[in-house]
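Taking it in order: structure first as structure tokens, then the write-up.
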Amino acid sequence: MRFHDRRHAGVLLGAEVADFHPSDPLVYALPRGGVPVAYEVARALDCPLDVLVVRKLGVPFQPELAMGAIAEGDVVIRNEDVLRLARIDEETFASVVSSERRELESRVEAYRSVASPLSPVGHTAIVVDDGLATGSTARAAIQVLHEKGAAAVWLAVPVAPREGMEHLERMASRLVVLDRPRSFGAVGVWYRDFAQTSDEQVRALLGESRLA
């Protein structure tokens, strides 16, 4: 399945998620590319939209390997198994946190001028992105929302690999994926228009959702 663009993918994904009737849902978009998709999912569910600004903490010599994550609200998550196996000391961990926090705070400042954060406590928090590749950011988002007190955390994406999603399936209360091709490649392959989403577009969609 190929999607015209992120909004088209969001319309299809929203219909699929709505069929599962989530209880008291809140939709959390992973910026930036997940926001146009999530906007349509929130419309389909007639529920609020928020962003979840998460930064993966990659092992310095293997950045794709997550040793933790940070999120707004001073949330710091540690993957103790990775930290131990990669022999990451506290000074190195703190240095990576500091570096990623600067980027996180910049993103938060850009988005929170139009939309204050929503608490997931007691809600079904639905994490939405435009697709999954390694899944590391999605894993961090699920962890963060559990830490923040969500009653359940779902993960919903238009496209994801057929293999290698077992960990996410265990972490999420529900995984909703429209298409899981055997030969995946990259997320952008499954969109006819995969133009980069700008911060301005993110702010506009967040603003529209709060006025709806």
Side-chain angles (χ1 to χ4, degrees), residues 1-20 22 25-56 58 63-64 103-104 106-115 118 125-142 154-165 168 172 174-212:
M1 179 186 298
R2 292 190 74 201
F3 307 102
H4 300 310
D5 56 19
R6 291 181 178 89
R7 297 287 288 267
H8 171 235
V11 170
L12 298 178
L13 185 62
E16 184 79 5
V17 173
D19 282 345
F20 291 106
L26 288 178
V27 172
Y28 286 88
L30 298 183
R32 294 186 291 249
V35 176
V37 183
Y39 177 84
E40 298 297 342
V41 174
R43 286 185 64 188
L45 298 175
D46 192 23
C47 76
L49 170 68
D50 201 359
V51 290
L52 184 60
V53 187
V54 175
R55 298 293 297 179
K56 181 185 68 176
E64 280 303 312
E103 178 62 26
L104 181 140
S106 174
R107 292 283 179 89
V108 169
E109 183 179 358
Y111 305 148
R112 290 310 176 200
S113 61
V114 296
L118 301 175
I126 303 173
V127 177
V128 176
D129 205 353
D130 54 13
L132 296 176
T134 64
S136 57
T137 305
R139 286 195 293 270
I142 293 168
W154 295 16
L155 175 61
V157 294
V159 63
R162 185 171 298 187
E163 306 296 334
M165 296 292 108
L168 285 171
R174 184 181 294 276
L175 178 61
V176 181
V177 184
L178 294 179
D179 193 18
R180 299 182 71 166
R182 186 179 303 276
S183 179
F184 183 75
V187 171
V189 170
W190 304 99
Y191 289 83
R192 293 185 178 90
D193 178 0
F194 199 63
Q196 185 174 3
T197 304
S198 68
D199 283 335
E200 289 72 21
Q201 289 172 303
V202 170
R203 287 195 293 267
L205 290 171
L206 280 173
E208 286 179 31
S209 72
R210 296 299 172 94
L211 293 174

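Quick caveat, the model's predicted, so the values are computed rather than measured. Residue numbers count from 1 along this sequence.
- Atom CD of Glu109 has 12 or fewer heavy atoms from other residues, nucleotides or ligands within 6.0 Å.
- Salt-bridge annotation for Asp129 and Arg6: absent, with no side-chain N of the basic residue lying under 4.0 Å from a carboxylate O of the acidic one.
- Of all heavy-atom pairs spanning Arg2 and His8, the tightest one is O-CE1, 4.4 Å.
- Taking both residues in full, the closest heavy atoms of Arg107 and Pro31 are given as NH1-O, 4.4 Å, listed atom of the first, atom of the second, then distance.
- Atom-to-atom distance recorded for Trp154:CH2 and Leu26:CG is 12.5 Å, nearest 0.5 angstrom.
- The distance from atom CG of Asp5 to atom OG1 of Thr197, rounded to the nearest 0.5 Å, is 9.5 Å.
- Contact check for Leu178 versus Val159: no side-chain heavy atoms found under the 4.5 Å cut-off.
- Considering every non-hydrogen atom in both Pro25 and Ile126, the closest pair reads CB-CD1, 3.9 Å.
- Pairs engaging residues 33-45 under the salt bridge (charged side-chain N to carboxylate O under 4.0 Å, His left out) rule: Arg7-Glu40, Glu40-Arg43 [sequence neighbours left out].
- Contact check for Val177 versus Glu16: no side-chain heavy atoms found under the 4.5 Å cut-off.
- Within a 6.0 Å radius of CG in Asp19, other residues, nucleotides and ligands contribute more than 12 heavy atoms.
- Without hydrogens or angle criteria, Arg210 side chain to Leu49 main chain gives a donor-acceptor distance under 3.5 Å.
- Around atom CD of Glu200, more than 12 heavy atoms belonging to other residues, nucleotides or ligands sit under 6.0 Å away.
- Closest heavy-atom contact between Leu205 and Pro36: CD1-CA, 3.7 Å.
- Cys47 approaches Val27 most closely through the heavy-atom pair SG-CG2, 3.6 Å.
- Once rounded to the nearest 0.5 Å, the distance linking CZ of Phe3 with CG of Leu13 reads 8.0 Å.
- When all heavy atoms of Leu45 and Pro22 are compared, the closest pair comes out as CD2-CG, 4.0 Å.
- Not a single donor-acceptor pair under 3.5 Å links the side chain of Arg180 to the backbone N or O of Ala160.
- Residues Pro158 and Leu12 are not in side-chain contact: their nearest non-hydrogen atoms beyond the backbone lie 4.5 Å or more apart.
- Sorted by first and then second residue, the side chain to side chain donor-acceptor pair (under 3.5 Å) pairs with a member in residues 184-193 read His4-Arg192; sequence neighbours excluded.
- Taken to the nearest 0.5 Å, the CG atom of Leu168 stands 7.0 Å off from the CG atom of Leu175.
- Sorted by first and then second residue, the pairs that involve residues 25-38 and meet salt bridge (charged side-chain N to carboxylate O under 4.0 Å, His left out), not counting sequence neighbours, are Arg32-Asp199.
- Looking at heavy atoms from C-beta onward, Asp50 lies out of side-chain contact with Pro48 at the 4.5 angstrom threshold.
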query = For Phe184 and Val189, what are the C-alpha separation, side-chain angles and deciding distance, and is it a side chain to side chain contact (heavy atoms under 4.5 Å, CB included)?
reply = CA-CA 8 Å; Phe184 183 75; Val189 170; over 6 Å; no
request  = Please assess Leu132 against Val187 for the test side chain to side chain contact (heavy atoms under 4.5 Å, CB included), listing each intermediate value before the final yes or no.
outcome  = CA-CA 7 Å; Leu132 296 176; Val187 171; 5.9 Å; no
